[in-house]
J.: 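Sharing a structure here in structure tokens format.
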Amino acid sequence: MIDKYNPAKIESAAQKYWDDRQSFAVSEDTDREKYYCLSMLPYPSGKLHMGHVRNYTIGDVISRYQRMLGKNVLQPMGWDAFGLPAENAAIAHRTPPAKWTTANIDYMRTQLKRLGFGYDWNRELSTCSPEYYRWEQWFFNRLLEKNLAYKKMAVVNWDPVEQTVLANEQVENGRGWRSGAIVERREVSQWFIRITEYAEELLNEIDHLEGWPDAVRTMQRNWIGRSEGVEFSFRVEGEEPLEVYTTRPDTIMGITFISVAAEHPLALKAAGNNPDVAAFVESCKNVHATEKEMETMEKKGIPLGITGIHPVSGEEIGIWVANFVLMEYGTGAIMAVPAHDQRDWEFATKHGIEIRPVIRPADGSQHDFSQSALTAKEGITCNSGVFDGLGCAAACEAVAEYLETHGAGRKTINYRLRDWGVSRQRYWGCPIPVVYDDAGKVFAVPDGELPVRLPEDVEFSGVQSPIRNDPEFYRTTLPSGDRPAIRETDTFDTFFESSWYYARYCCPGSDHAMLDERANYWLPVDQYVGGIEHAVLHLLYARFFHKLMRDAGLVDSDEPFTNLLCQGMVLKDGSKMSKSKNNTVDPQSMIDKYGADTVRLFMMFASPPEQPLEWNDDAVAGSFRFLKRWWALVHRNSEAMATARQLSSDQDLAAADCADREARELRRTTHRILEKVVRDYQRIHYNTVVAGAMELLNSLDRFDPGKNRDCLSAFRESMVILNKILAPIAPHIAHRLWHVMGEAGDVLDADWPQVDRQALQSDTLKWVIQVNGRLRSEIELAADCSEQEIRAMAVADRRIRNFIKDAEVRKIIIVPAKLVNIVI
RNA sequence: GCCGGGGUGGCGGAAUUGGUAGACGCGCCAGACUCAAAAUCUGGUUGGGGCAACUCAGUGUCGGUUCGAGUCCGACCCUCGGUACCA
């Protein structure tokens with residue numbers, strides 16, 4: 001009677017085995033090639049969801065495969081533990097955020113261990129621990145020293161009922177998510193990091209990130225949003241010159257009005273004298289439009305009653321305030337050319353402003369300016385005086401040069417990217433380590449006094465950050481110690497923590513430095529695995545932080561992540577699993593029912609890692625069935641395996657020239673599959689790896705190893721290969737069956753199998769015969785047939801003769817070892 | 001609008017550089033075992049026609065290149081994701 005496959009039992013035994021031996025603890029070893037495989041760390045929300053399981057299984061398969069290739073593999077895990085949900089839970093359950101977070105971490109850690117992921121738990125970190133965030137505060141001091149961190153006023157979402165700042169995600173249709181009150185835009189002084197200083201490098205380096213998906217690279221390029229143009233000014237009577245930015249200086253002679261943003265100083269000043277303008281400016285302030293509304297929003301505006309002088313023509317141009325001009329981009333003011341910009345065209349048409357064409361199509365065709373603007377940057381300038389008759393590119397140059405020589409403007413490069421605002425008016429985050437004197441002057445907290453600890457034993461009744469009302473926290477003294485000071489009560493954006501954790505994993509226990517020399521052994525990360533939702537923010541901030549750390553002498557690489565894999569979503573019934581859709585499947589219930597190996601196997605088998613995965617309960621049962629069949633096969637043949645081991649040493653296997661036809665056949669199948677599996681492991685196409693393993697199991701199931709010695713050793717060889725190719729995906733059962741088969745050591749550290757090219761050779765070849773490119777017949781010929789013989793045999797085939805009949809054979813194409821195409 | 005994926009059986013998905021379309025699995029059908037069912041095993045399973053050998057059609061649509069196209073080129077349709085009054 002064979003032992004029944006009992007996943008719960010063998011999985012906990014395997015996990016204990018690895019744990020006792022510290023199988024996944026690694027250290028620096030310059031003799032071996034290192035491989036750093038990293039999965040994005042989870043937010044400890046309570047329990048794992050299927051997206052986590054998929055993400056971490058992919059990472060674990062990569063890690064275990066790389067280990068079998070002989071590399072020194074680091075795979076760490078930790079917790080992105082600061083954040084808003086802890087505060088919400090605190091209010092709902094009257095538990096301090098720290099307690100709630102720690103309990104979640106403890107539970108989720110047991111879940112990760114239950115899934116058998118090969119993490120080096122000695123490196124585990126939690127971003128909410130003072131040992132972690134003190135280095136973040138220390139690094140902030142370095143940024144302050146370099147003037148890469150600064151304070152300025154910035155607009156926030158303010159909930160007037162709750163008297164608190166809201167994150168963008170907490171604003172729903174312009175209202176606070178909890179209070180339902182209309183959200184106001186309020187200016188608050190906040191900390192910023194100068195990411196724009198690195199915009200050029202962040203953009204240029206994208207070209208070299210060849211191991212990243214194109215989608216992510218494109219998104220980052222668009223996010224940085226570099227554009228080349230010209231900045232110039234209009235003289236305004238009694239005012240400072242009005243600066244505008246344009247990417248189309250070639251259309252400068254077509255300007256018929258100027259627009260400024262509602263927050264622009266000229267608009268605010270005009271609002272002081274003109275109630276209509278004031279009303280308009282006010283109406284713009286309260287619009288917190290959703291994307292959909294933005295799309296269809298009407299172009300509204302009102303004249304300010306002042307004019308600017310055109311820098312070339314000297315013409316007086318009316319200045320308007322318009323709702324579609326953004327204060328945050330460029331100079332907050334634009335030159336408007338309705339003939340060649342669609343928004344300006346719509347605005348001019350509505351307000352009866354002149355549309356003055358200054359570009360005509362290069363092909364001589366006519367454009368109907370009463371219908372739309374001519375926006376293509378291909379054409380010839382006209383009605384433009386000295387700039388007439390130029391192509392757009394040449395005209396841009398000419399205008400830029402004119403403005404420069406006349407002192408009215410200059411070429412500039414503009415970025416859409418803004419400096420990174422890192423202040424959050426929240427409790428559950430890393431305290432920003434500064435204090436203020438009574439005049440509001442900023443003082444850094446000296447390195448020696450770090451960390452500024454976040455009090456964890458807090459009463460969380462209302463919505464306000466408890467430290468704002470906690471004098472014990474905010475009352476302090478200046479670094480000099482001689483005067484009272486007020487401590488900053490804002491905390492860092494949690495993206496701050498997740499921007500450098502990958503480096504900290506390399507230096508566990510380092511309590512004298514943020515990073516030490518170990519970081520340069522492991523970095524950069526060879527393979528990063530995570531969700532596409534982090535394509536821009538997290539991945540851009542982490543790249544930025546890496547460059548900051550490089551320039552602070554902490555790391556010597558330019559980029560943190562060499563290869564990036566973004567796994568697809570987990571779907572159920574065609575849509576993303578989510579609580580709101582009530583279509584979630586709890587991973588824990590699946591693990592309890594089938595075991596970790598089945599869940600891992602199904603996840604890898606159901607679709608390629610980068611594609612979405614459709615959850616299917618029946619198919620999970622199919623994966624379980626496969627593992628049971630494998631289990632039974634190994635146990636059924638354990639005696640044969642023992643005999644095979646006695647008969648043949650490894651050398652015999654490698655040199656096996658198998659006289660037996662069936663043994664040769666099995667070896668051919670095995671090595672054909674192995675060749676494919678090796679390619680698919682490298683391509684990270686695990687679904688076809690599993691398909692290959694299933695095919696191999698099907699062959700082994702039908703094979704009789706007892707026939708003779710050749711069969712026995714071919715069988716053992718194939719069984720060993722099957723175990724090895726499944727080991728990264730279903731590691732527990734592989735571990736157990738490796739020992740059942742009596743193989744030495746752990747499969748975890750077994751060598752990756754080599755394809756035996758000789759085994760792929762065959763005495764005969766199957767040829768596909770086509771007539772005019774359509775499959776018509778097949779023949780099997782000796783492998784050493786000459787081309788002439790192949791030709792003759794193909795034409796002589798019964799079915800082929802039937803197709804050729806008396807038609808003339810014009811050509812015969814032979815694809816070596818594959819097919820013959822007869823053209824008639 | 002722009003950018004990036006993706007359209008292949010009843011379903012999830014396979015198919016190096018153009019070379020046997022549908023690997024592998026799920027589901028379904030039939031059979032074996034069983035008093036019966038479950039489990040397990042064996043066989044079948046793209047659609048149409050035919051008793052069969054066989055034959056015709058077929059990878060979103062239309063056209064093209066080629067001895068040969070799921071794969072390459074052109075135009076279009078659908079779908080998923082991202083993103084935007086960015087001047």
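Per chain, numbering begins at 1; letters A, B, ... match sequence-line order. In this text, all values refer to a predicted model and were calculated from it rather than measured experimentally.
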J.: For A/R54 and A/S607, which I'm curious about, is there any donor-acceptor pair between the side chains at under 3.5 Å?
T.: yes
J.: With rounding to the closest Å, how many angstrom separate the P atoms on B/G19 and B/G4?
T.: 26 Å
J.: Glycosidic conformation of B/G9, syn or anti, with 90° from 0 as the boundary?
T.: syn
J.: Hey, which sits more toward the 5' end of RNA chain B by its nearest nucleotide, A/D214 or A/D344?
T.: A/D214
J.: Take A/S607 and A/I532, find for each the nucleotide of RNA chain B with the closest heavy atom, and name the residue whose nucleotide sits nearer the 5' end.
T.: A/S607
J.: Across the strands shown, which category fits A/P213 at heavy-atom distances under 4.0 angstrom: base, sugar-phosphate, nothing?
T.: nothing
J.: After noting the C-alpha distance and the side-chain angles of A/F234 and A/I319, does the key distance pass the side chain to side chain contact (heavy atoms under 4.5 Å, CB included) rule?
T.: CA-CA 10 Å; A/F234 294 87; A/I319 303 177; over 6 Å; no
J.: Please determine if a side-chain N or O atom of A/R776 lies less than 4.0 Å away from the OP1 or OP2 oxygen of B/U55.
T.: no
J.: With rounding to the closest Å, how many angstrom separate the P atoms on B/G7 and B/G43?
T.: 32 Å
J.: Is A/R810 near enough to B/G68 that one of its side-chain N or O atoms lies under 4.0 angstrom from OP1 or OP2?
T.: no
J.: I'd like to know if the side chain of A/R416 pairs up with that of A/N222 as donor and acceptor (distance under 3.5 Å, no hydrogens or angles considered).
T.: no
J.: How many whole angstroms separate atom CZ of A/R416 from atom C1' of B/A84?
T.: 8 Å
J.: Roughly how many Å is it from CD in A/E614 to C1' in B/C80, rounded to a whole number?
T.: 13 Å
J.: Run the salt bridge (Lys or Arg N to Asp or Glu O under 4.0 Å) check on A/R221 and A/D207 step by step: do they pass?
T.: CA-CA 10 Å; A/R221 279 193 195 98; A/D207 294 342; 3.1 Å; yes
J.: Could you tell me the separation between the CZ atom of A/R418 and the C1' atom of B/A84, rounded to a whole number of Å?
T.: 15 Å
J.: Can you check the distance between B/A23 and B/A15, where both ends of the measurement are the C1' atom (answer in whole Å)?
T.: 8 Å
J.: Let me know the distance between CZ of A/R221 and P of B/C3, rounded to the nearest Å.
T.: 14 Å
J.: How far, in whole Å, is B/A69 from B/G81 if one measures between their P atoms?
T.: 35 Å
J.: Decide whether A/Q342 and A/T375 meet the rule of one side-chain donor and one side-chain acceptor closer than 3.5 Å.
T.: no
J.: Counting side-chain heavy atoms from C-beta on, which of B/A87, B/C85, B/G13 comes nearest to A/T246?
T.: B/A87
J.: How far, in whole Å, is B/U8 from B/A30 if one measures between their P atoms?
T.: 29 Å
J.: How does protein reach along nucleotides 17-28 of chain B, written 5' to 3' as B (base within reach of a heavy atom under 4.0 Å), S (only sugar-phosphate), or - (no contact)?
T.: --BB--BBSSS-
J.: Considering only the P atoms, how many Å lie between B/A36 and B/G31, rounded to the nearest integer?
T.: 13 Å
J.: A/Q342 CD to B/C85 P: how many Å, rounded?
T.: 16 Å
J.: Would you classify A/R799 as touching base, sugar-phosphate or nothing, given that sugar-phosphate means primed atoms plus P, OP1 and OP2, and contacts are heavy atoms under 4.0 Å?
T.: sugar-phosphate
J.: Would you say the side-chain atoms of A/Q220 pair up with the backbone N or O of A/L203, donor to acceptor, closer than 3.5 Å?
T.: no
J.: To the nearest angstrom, how far is A/K576 atom NZ from B/U79 atom P?
T.: 21 Å
J.: Answer yes when A/E610 and A/R683 have at least one side-chain N-carboxylate O distance shorter than 4.0 Å, and no when they do not.
T.: no
J.: Under a 4.0 Å N-O cut-off, is there an ion pair linking A/E346 with A/R343?
T.: no
J.: Side chains of A/S227 and A/Y245: is there a donor and an acceptor less than 3.5 Å apart?
T.: yes
J.: I need the CD-C1' distance between A/Q220 and B/G4, as an integer number of Å.
T.: 14 Å
J.: Could you walk me through whether A/V620 and A/F624 pass the side chain to side chain contact (heavy atoms under 4.5 Å, CB included) test, one step at a time?
T.: CA-CA 6 Å; A/V620 179; A/F624 182 61; 5.9 Å; no
J.: Using the C1' atom on both, measure B/U66 against B/G74 and round to a whole Å.
T.: 16 Å
J.: Assign A/R683 to base, sugar-phosphate, or nothing according to its heavy-atom contacts below 4.0 angstrom with the strands shown.
T.: sugar-phosphate
J.: Pairs counted as Watson-Crick or G-U wobble with both distances under 3.5 Å: what dot-bracket string results for RNA chain B, using | for bases tied to another strand?
T.: (((((((..(((......[....)))((((((.......))))))((((....))))..(((((..]....))))))))))))....
J.: If the threshold is 4.0 Å, N to carboxylate O, is there a salt bridge linking A/E210 and A/R217?
T.: no
J.: Report which part of the nucleic acid A/V325 touches: base, sugar-phosphate, or nothing (heavy-atom distance under 4.0 Å, all strands).
T.: base
J.: Taking A/W223 for its side chain and A/A535 for its backbone only, find out whether a donor-acceptor pair lies under 3.5 Å.
T.: no
J.: Between B/C3, B/G6, B/A57, which one does the side chain of A/N222 approach most closely?
T.: B/C3
J.: What interatomic distance, in whole Å, is found between C1' of B/G5 and the corresponding atom of B/U55?
T.: 39 Å
J.: Does a nitrogen or oxygen in the side chain of A/Y329 sit under 4.0 Å from OP1 or OP2 of B/A87?
T.: yes
J.: B/G13 C1' sits how many Å from A/F602 CZ, rounded?
T.: 11 Å
